[in-house]
Colleague: 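The structure is given below, and queries will be raised subsequently.
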Amino acid sequence: MADYTPQVIEQKWQARWRDARAFEVSADPSRPKFYCLEMFAYPSGHAHVGHVRNYMIGDVVARLKRMQDFNVLHPFGWDAFGLPAENAAIKHGTHPEAWTLANIAHMKGQLQRLGISYAWEREIATCLPEYYRWNQWLFIRMFERGLAYRRRSTVNWCSSCQTVLANEQVVDGGCWRCGTVVTTRDLEQWFFRITSYADELLDAIDDLTDWPEKVLTMQRNWIGRSEGARVRFPVLPPGGDTSTADAADAIEVFTTRIDTIYGATFVLLAPEHPMVARFAAETGGGASLVDRANRFRAQDRMARLTGEIEKEGFDTGRTVLNPFTRTPVPVWIANFVLPEYGTGAVMGVPAHDQRDFEFATKYRLPIKIVVQPESRPLGEGALEAAYSDEGRLVDSGEFTGMPASEAVIRMAEAARARGLGERTVQFRLKDWGISRQRYWGTPIPMIYCDGCGIVPVPDDQLPVLLPTIAEFSGRGDSPLAQVPEFVDVACPRCGRPARRETDTMDTFVDSSWYFYRFCDPRNAERPFDPADVAYWAPVDFYSGGVEHAILHLIYSRFFCRVFRDLGMVRHDEPFARLLTQGMVLKDGAVMSKSKGNVVDPDDMIGKYGADALRLYVMFVAPPEKEIEWTDAGLEGSFRFLARVWRLVDHLAGTLAAARAPVPGGAALDDDQRALRRKTHDTIRRVTQDLYPKAHLNTAISAVMELVNDLYLFCDRPDVGLGGRRADEDATPVTAGPGTLAVLKEAVEALVLMLSPFAPHMSEELWEALGHRDGVVAAGWPAFDEAVARPEAIVVPVQVNGKLRSRLTVRADVAEAELERLALADPVVRTHTDGKRVVKVVVARGRLVNVVVAS
RNA sequence: GCGAAAGUGGCGGAACUGGCAGACGCACCGGACUUAGGAUCCGGUAGCCGAAAGGCUAUGGGGGUUCGAAUCCCCCCUUUCGCACCA
């Protein structure tokens, strides 16, 4: 008997798969396709078990689907641009490219040693010009359609390093390298107009029926649609003269509660609001106004990091006209008003908004009740908190007496009729700022010409290559700006000297469409051939971390629509089914290099083999759940595989030689029929658990049960697998044709069912069973529902809902018979004797419940 | 604060559409085999009472619906995650 030596077997099969190009595919419209994708990887250096869990999950699905005769696209690639490469360059002097490519090489080896069945010939890395040129191409298409535009926006700035910082480089309000307090700077930056698709992205969420509800909720909240109205509060001159009020010169606010506008006793501006500068200019002592506003702006940055801030504000000394009450109300600047949401200005209705209430209480601003609940009227002056629920309007002019919900609509109409405002829909979702003042990213293909303005790089001059930079100091606002050969360029339109854009793109651009590139990864003419994408896309099964629930998955849905509107893809949604896999914890914490609790898959492969590692990770919990790493659990999986190995290895020669079709039912004895039933029932359970349910853990449980039954079945002299086995010479198998037939059926099904989880060992055993063409050619085992069905069933019998006995009966027993047997059961009788049987509930095949009254 | 999900043996977890709670594994205990066993094969293992048959209790806590609830409804507690002044 040969021992189970995973390392030898695994290398053998990995080489075979590679040589046979086993997982390479091409579009074939005559076959059903299945696109199985795991989120591609950032090449950080070494993959730990937490990273690779996702790839194992996807691999089980890919291998299953292949066996079910789908044409399976299962590609992999690298999200290879990004900040860590640049940080490594600054710290260690390695070039980002060298660092990245070395990491890719190492991690690719790790994945290959795990036996993940990727179509490696389709591998892509986003940092290569063959890939990123299509980012540039798409950017230009978006620019042409007004989907890419430029405006001023704020970035983090370290005055000591003289550099822009990404959000993740800001640590506790300071620079990650020197600790200097981070300030802000306004720069011209590029944006993608994702808000054009806000409504569609929101509405289509309802169609994503195979996504986790949690992710859909997060996306809905992120898009944050709210219906309301914009209302203009005319600006009054410094004296407060109401006769000059003019809706054209006004502070516009956004509100969802225009019904409360008669209670608006002040207006609040964000510190960044443009009106602040105007007031300062018009009013004496204006400088202090700007100073105080700026103090809020600085404070706001710190507050984001520390959590809570106290609501604060100050009076600008100016007033605006409440357009409904026609009375002047003061304008304040408040630190909690967000500049980027709505209009950056809100009306303060302290009686009916909790924030306004707190603000008004603090600064003794008037509180006016305009909505009264039906039941308990609110007492003026006795208000302890804002009342923001439904009610009827009071003190609201012609709208008095109207239900608030109706007034929301009526008053918006009135505002529009009077030219004071209109109904609008406001989104929390903002346009996507993609400019990064970084080196290691896709150069934005734009040229600035003094004569022609902003000119895109012509398509035939793409890609705009990233120049090689020798030194990374981490200083300066944009590394590319320091490379004259890069910056200086002739204007494509007029030929005169011009300057290139020196910012690079957010790496989320790269990951927003890579799943299309996989369909046609070597295309040098276009991002992809629409025919290839039409065949493969959408992705049927997409799995990855829940941390991408919002950004990556919304951006990808956005890009899908952009490509659709460019006529390049035909579907509306890129990912049909999404699975968010749980993290792997060790010692109660997420694995991370800094915590020093990472488990390297290579170490585990060295000890137990890739198959055991895969099986353990799949078995220990459902894929969506987090798992706690235990060495003991891995060892258990190894023991299970070794147990399968011993069983199959003992029988393989005999079974390979046996020509043993399963005889008709009557020819089998009870044990043989029971094994057959178990075999077919297991196939049924595993098939149903695996896809689309992805209950990988329970599928493995079912296979383990089959193995346990097989061991018991084989504990008979003519099979010779009783007693101790490990170091004993094999006893010859002398069983007759019936036994051999059911054994062969069971063992072959076992090996095939195990193959998505433990592919190397399964191939090895499949070969030992006399098959030359591998498990995919064999196909996924089929089950016969009639065989899987038990002949005899055990029916529990309850009395008043308490389990009292069990009846073993034929599966097709009649209800009346079941009732009769239940009432005759001696144990049941002890609980029913002397009592009146009220009724007997018979759930056929499942349970009998006898209800008695005492 | 708001929203979502989840609480089941010593542990990870299972349980179809409301129908035997604890599949499968880990750990532990016992048996066999053995010079040996940390290998292997077989068996046991929610708690309590009982010699056994059997009984009682049990799915975070409390109520409810039902012949019957881990599962459905209400209240509370805890944990995790997401959003956190979005007007």
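Every chain is numbered from 1 and lettered A, B, ... according to where its sequence line falls, protein lines coming before strand lines. Owing to the predicted nature of the structure, the values given are computational and were not obtained by experimental measurement.
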Colleague: The side chain of A:P622 lies closest to which of these nucleotides: B:C41, B:C86, B:A14?
Modeller: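 Of the candidates, B:A14 comes closest.
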Colleague: Please report the distance separating the P of B:U8 from the corresponding atom of B:G60, rounded so that it comes out in whole Å.
Modeller: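 Here B:U8 and B:G60 have their P atoms 6 Å from each other.
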Colleague: Do A:P330 and A:V267 have side-chain heavy atoms sitting under 4.5 Å apart?
Modeller: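 They are not in side-chain contact.
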Colleague: Could you tell me how the ring of A:H352 sits relative to the ring of A:Y387: parallel (under 30°), tilted (30 to 60°) or perpendicular (over 60°)?
Modeller: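 A:H352 vs A:Y387 ring planes: perpendicular.
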Colleague: Which heavy atom of A:T343 sits nearest to which heavy atom of A:V253, and what is that distance?
Modeller: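 Looks like OG1-CA, 3.3 Å.
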Colleague: What integer number of Å spans the P atoms of B:G38 and B:A27?
Modeller: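 13 Å, rounded to whole Å.
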Colleague: Would you indicate what A:V794 reaches in the nucleic acid, counting non-hydrogen atoms under 4.0 angstrom: base, sugar-phosphate, or nothing?
Modeller: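 Answer is base: heavy atoms of A:V794 come under 4.0 Å of a base.
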Colleague: Which is true for A:N849 with a 4.0 Å heavy-atom rule: it touches a base, it touches only sugar-phosphate, or it touches nothing?
Modeller: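 Base contact.
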Colleague: Would one find a side-chain N or O of A:Y711 under 4.0 angstrom from OP1 or OP2 of B:C41?
Modeller: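 True: A:Y711 side-chain N/O within range (under 4.0 Å) of B:C41 OP1/OP2.
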Colleague: Return no unless some side-chain N or O of A:R355 is found under 4.0 Å from OP1 or OP2 of B:C86.
Modeller: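 For A:R355, the contact criterion (side-chain N or O under 4.0 Å from OP1 or OP2 of B:C86) is met.
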Colleague: For the side chain of A:K311, counting heavy atoms from C-beta on, which of B:C85, B:C20, B:C41 is nearest?
Modeller: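 Ranking B:C85, B:C20, B:C41 by closest atom to the A:K311 side chain puts B:C85 first.
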Colleague: Provide the Watson-Crick or G-U wobble partner of B:U17, both distances under 3.5 Å; none if there is no partner.
Modeller: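 With both distances under 3.5 Å required, B:U17 matches none.
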Colleague: Say we look at B:G19 and B:A52: how far apart would their P atoms be, to the nearest angstrom?
Modeller: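 It works out to 33 Å between them.
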Colleague: Base contacts versus sugar-phosphate-only contacts with protein, heavy atoms under 4.0 Å: please encode nucleotides 22-31 of chain B as B, S and - from 5' to 3'.
Modeller: -BBSSS----
Colleague: Quick one: label A:V851 by what it contacts on the DNA or RNA (base, sugar-phosphate, nothing), any heavy atom closer than 4.0 Å.
Modeller: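 Sugar-phosphate, backbone atoms only, no base.
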Colleague: Using atom C1' in both nucleotides, what's the gap between B:C29 and B:A46 to the nearest angstrom?
Modeller: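 Roughly 16 Å separates the two C1' atoms.
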Colleague: Rounded to the nearest angstrom, tell me the gap between atom CG in A:L338 and atom C1' in B:C83.
Modeller: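 Spelled out: CG on A:L338 to C1' on B:C83 is 13 Å.
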Colleague: Which base sits across from B:G22 as a Watson-Crick or G-U pair, both distances under 3.5 Å?
Modeller: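 Partner of B:G22: none.
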Colleague: Once you round it to whole Å, what is the distance between P of B:G18 and CD of A:Q798?
Modeller: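 Whole-Å distance recorded here is 16 Å.
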Colleague: Considering every strand and a 4.0 Å limit on heavy-atom distances, what is the contact class for A:V349: base, sugar-phosphate, or nothing?
Modeller: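 It contacts nothing in the nucleic acid.
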Colleague: Is there a donor-acceptor contact under 3.5 Å linking the side chains of A:N849 and A:R804?
Modeller: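 No, no side-chain donor-acceptor contact under 3.5 Å.
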Colleague: Between A:L269 (CG) and B:C86 (P), how many Å, whole number?
Modeller: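 The answer, rounded to whole Å, is 17 Å.
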Colleague: Report the residue (A:K839 or A:V795) whose heavy-atom-nearest nucleotide on RNA chain B is the more 5′ of the two.
Modeller: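 With A:K839 and A:V795 compared, the 5'-side residue is A:V795.
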Colleague: Taking the minimum atom-to-atom distance to the side chain of A:D353, which one of B:C41, B:G13, B:A87 wins?
Modeller: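 Of the options given, the side chain of A:D353 lies nearest B:A87.
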Colleague: Without decimals, in angstroms, what is the distance between A:I333 CD1 and B:C85 C1'?
Modeller: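 Whole-Å distance recorded here is 18 Å.
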Colleague: Taking a pair as Watson-Crick or G-U wobble with both distances under 3.5 Å, which nucleotide is matched to B:C28?
Modeller: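 B:G44 is the nucleotide pairing with B:C28.
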Colleague: Specify the closest pair of heavy atoms between A:N800 and A:V852, including all atoms of both residues, with the distance to one decimal.
Modeller: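 Minimum heavy-atom separation between A:N800 and A:V852: OD1-N, 2.9 Å.
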Colleague: What do you reckon, is CZ of A:R829 surrounded by more than 12 foreign heavy atoms closer than 6.0 Å?
Modeller: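 No.
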Colleague: Using atom C1' in both nucleotides, what's the gap between B:U59 and B:A4 to the nearest angstrom?
Modeller: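 So the two C1' atoms sit 22 Å from each other.
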Colleague: Pick the closest RNA chain B nucleotide for A:Y341 and for A:H695 by heavy atoms, then say which residue is nearer the 5' end.
Modeller: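 Between the two, 5'-proximity favours A:H695.
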Colleague: Output the rounded distance in Å from CZ (A:F254) to P (B:C85).
Modeller: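 In whole Å, B:C85 P lies 16 Å from A:F254 CZ.
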Colleague: In whole Å, what separates the C1' atom of B:A21 from that of B:G7?
Modeller: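 The same atom, C1', in both gives a distance of 16 Å.
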Colleague: According to the Watson-Crick and G-U wobble definitions, with both distances under 3.5 Å, which nucleotide is paired to B:A36?
Modeller: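 Answer to the pairing question: none, since B:A36 forms no Watson-Crick or G-U pair.
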Colleague: In the strands shown, is B:G7 matched to any nucleotide by a Watson-Crick or G-U wobble pair with both distances under 3.5 Å, and which?
Modeller: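 Partner of B:G7: B:C77.
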Colleague: Who is the Watson-Crick or G-U wobble partner of B:A52, with both distances under 3.5 Å?
Modeller: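 Answer to the pairing question: none, since B:A52 forms no Watson-Crick or G-U pair.
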Colleague: Write down the distance separating the C1' atoms in B:G12 and B:C16, rounded off to the nearest Å.
Modeller: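 Looking at atom C1' only, B:G12 and B:C16 are 23 Å apart.
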Colleague: So, A:E635 versus A:Y608: side-chain donor-acceptor pair below 3.5 Å or not?
Modeller: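 There is such a pair between these side chains.
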Colleague: Can you give one letter per nucleotide of nucleotides 45-60 of chain B, 5' to 3': B if a protein heavy atom sits under 4.0 Å from the base, S if only from the sugar-phosphate, - if neither?
Modeller: ----------SSS---
Colleague: Under 3.5 Å, is there a donor-acceptor pair linking the side chains of A:R557 and A:Q219?
Modeller: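 Present: a donor and an acceptor within the cut-off.
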Colleague: Please tell me which of the listed nucleotides, B:G19, B:A87, B:U40, lies nearest to the side chain of A:R646?
Modeller: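 The closest nucleotide is B:U40.
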Colleague: Check the surroundings of atom NZ in A:K362: do more than 12 heavy atoms from other residues, nucleotides or ligands lie under 6.0 Å from it?
Modeller: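 Enclosed.
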Colleague: B:C81 P sits how many Å from A:Q219 CD, rounded?
Modeller: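 Distance check: A:Q219 CD to B:C81 P gives 20 Å.
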Colleague: Is the shortest side-chain heavy-atom distance between A:V809 and A:I793 below 4.5 Å?
Modeller: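 When only atoms from C-beta onward are counted, A:I793 and A:V809 do touch, with a gap below 4.5 Å.
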Colleague: For A:K693 and B:A14, give me the distance from atom NZ to atom C1', rounded to whole Å.
Modeller: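 Computing the A:K693:NZ to B:A14:C1' distance gives 12 Å.
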Colleague: Heavy-atom distance under 4.5 Å between the side chains of A:Y616 and A:F638, does that happen here?
Modeller: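 SC-SC contact between A:Y616 and A:F638 ruled out.
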Colleague: Parallel, tilted or perpendicular: which one describes the rings of A:F336 and A:F359, with boundaries at 30° and 60°?
Modeller: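 Geometry flag for A:F359 against A:F336: perpendicular rings.
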Colleague: Please determine if a side-chain N or O atom of A:K625 lies less than 4.0 Å away from the OP1 or OP2 oxygen of B:G12.
Modeller: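 False: A:K625 side-chain N/O out of range (4.0 Å or more) of B:G12 OP1/OP2.
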Colleague: Sort out the partner of B:A87 for me: Watson-Crick or G-U wobble, both distances under 3.5 Å, none otherwise.
Modeller: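 Paired with no nucleotide.
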Colleague: Expressed as a whole number of angstroms, how long is the span from A:I793:CD1 to B:G19:C1'?
Modeller: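 In whole Å, B:G19 C1' lies 13 Å from A:I793 CD1.
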Colleague: When syn is taken as a glycosidic angle within 90 degrees of 0, is B:G9 syn or anti?
Modeller: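 Syn conformation here, the glycosidic angle of B:G9 being no more than 90° from 0.
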Colleague: Measuring only the C1' atom in each nucleotide, how far is B:U35 from B:A15? A whole number of Å is fine.
Modeller: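 Rounded to whole Å, the distance is 47 Å.
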Colleague: Where do A:A386 and A:P350 come nearest, in terms of heavy atoms and distance?
Modeller: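 The pair with the smallest heavy-atom distance is CB-O, 3.7 Å.
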Colleague: Heavy atoms under 4.0 Å, any strand shown: does A:L268 hit a base, just sugar-phosphate, or nothing?
Modeller: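 If one applies the 4.0 Å heavy-atom cut-off, A:L268 turns out to touch nothing in the nucleic acid.
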